[in-house]
Amino acid sequence: MKMMFPNLGVKSDVCWVDQGAFVSSAGIPAGIDMSLHLVERFAGRRSSIQ
């Protein structure tokens with residue numbers, strides 16, 4: 001990806017990236033992690049474990 005898009009800032013050490021209006025991930029497991037991040041971002045973190 002870095003070779004195809006040299007002007008793009010590619011972060012290879014993270015599974016997903018949140019840049020405000022843009023959120024991206026690489027692969028299915030990272031997409032699941034990113035989805036959970038978005039749920040927390042929009043709904044908040046609430047723990048029902050006591």
Side-chain angles (χ1 to χ4, degrees):
M1 187 167 193
K2 287 181 182 181
M3 290 173 28
M4 291 177 64
F5 304 99
N7 294 330
L8 184 66
V10 177
K11 295 185 177 188
S12 59
D13 59 336
V14 295
C15 294
W16 51 267
V17 176
D18 186 341
Q19 293 292 314
F22 298 99
V23 182
S24 64
S25 66
I28 294 172
I32 294 169
D33 288 344
M34 180 191 69
S35 299
L36 293 171
H37 165 71
L38 289 173
V39 168
E40 180 182 27
R41 181 185 192 203
F42 293 115
R45 179 183 291 206
R46 288 180 239 152
S47 175
S48 61
I49 300 172
Q50 296 181 3

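Just so you know, these numbers use all the heavy atoms, side chains as well, and skip hydrogens, waters and symmetry mates.
Counting only residues at least two apart or on different chains, no salt bridge (Lys or Arg N to Asp or Glu O under 4.0 Å) pair has a member in residues 25-36. Within the structure, ring-ring contact (aromatic ring centres under 6.0 Å, His included) pairs that include any residue of residues 13-39 comprise Trp16-His37 (at least two apart or interchain).
Partners of Asp18 by salt bridge (Lys or Arg N to Asp or Glu O under 4.0 Å), not counting sequence neighbours, listed by chain and number: Arg41. Residues satisfying the side-chain contact (heavy atoms from CB on, under 4.5 Å) criterion with Ala26, sequence neighbours excluded, are absent altogether.
Summarising the geometry of Met34 relative to Ser24, their closest heavy-atom pair is SD-C, 3.6 Å, with the distance given to 0.1 Å. Nearest heavy-atom pair, Ser25 versus Gly31, reported as atom, atom and distance to 0.1 Å: OG-CA, 3.4 Å.
Grouping Ile, Leu, Val, Met, Phe, Trp and Tyr residues whose side-chain heavy atoms lie under 4.5 Å apart, directly or via other members, places Val14 in a hydrophobic cluster with Val17. Hydrophobic side-chain contacts under 4.5 Å tie Met1 into a cluster, directly or through other members, with Met4, Phe5, Leu8, Val10.
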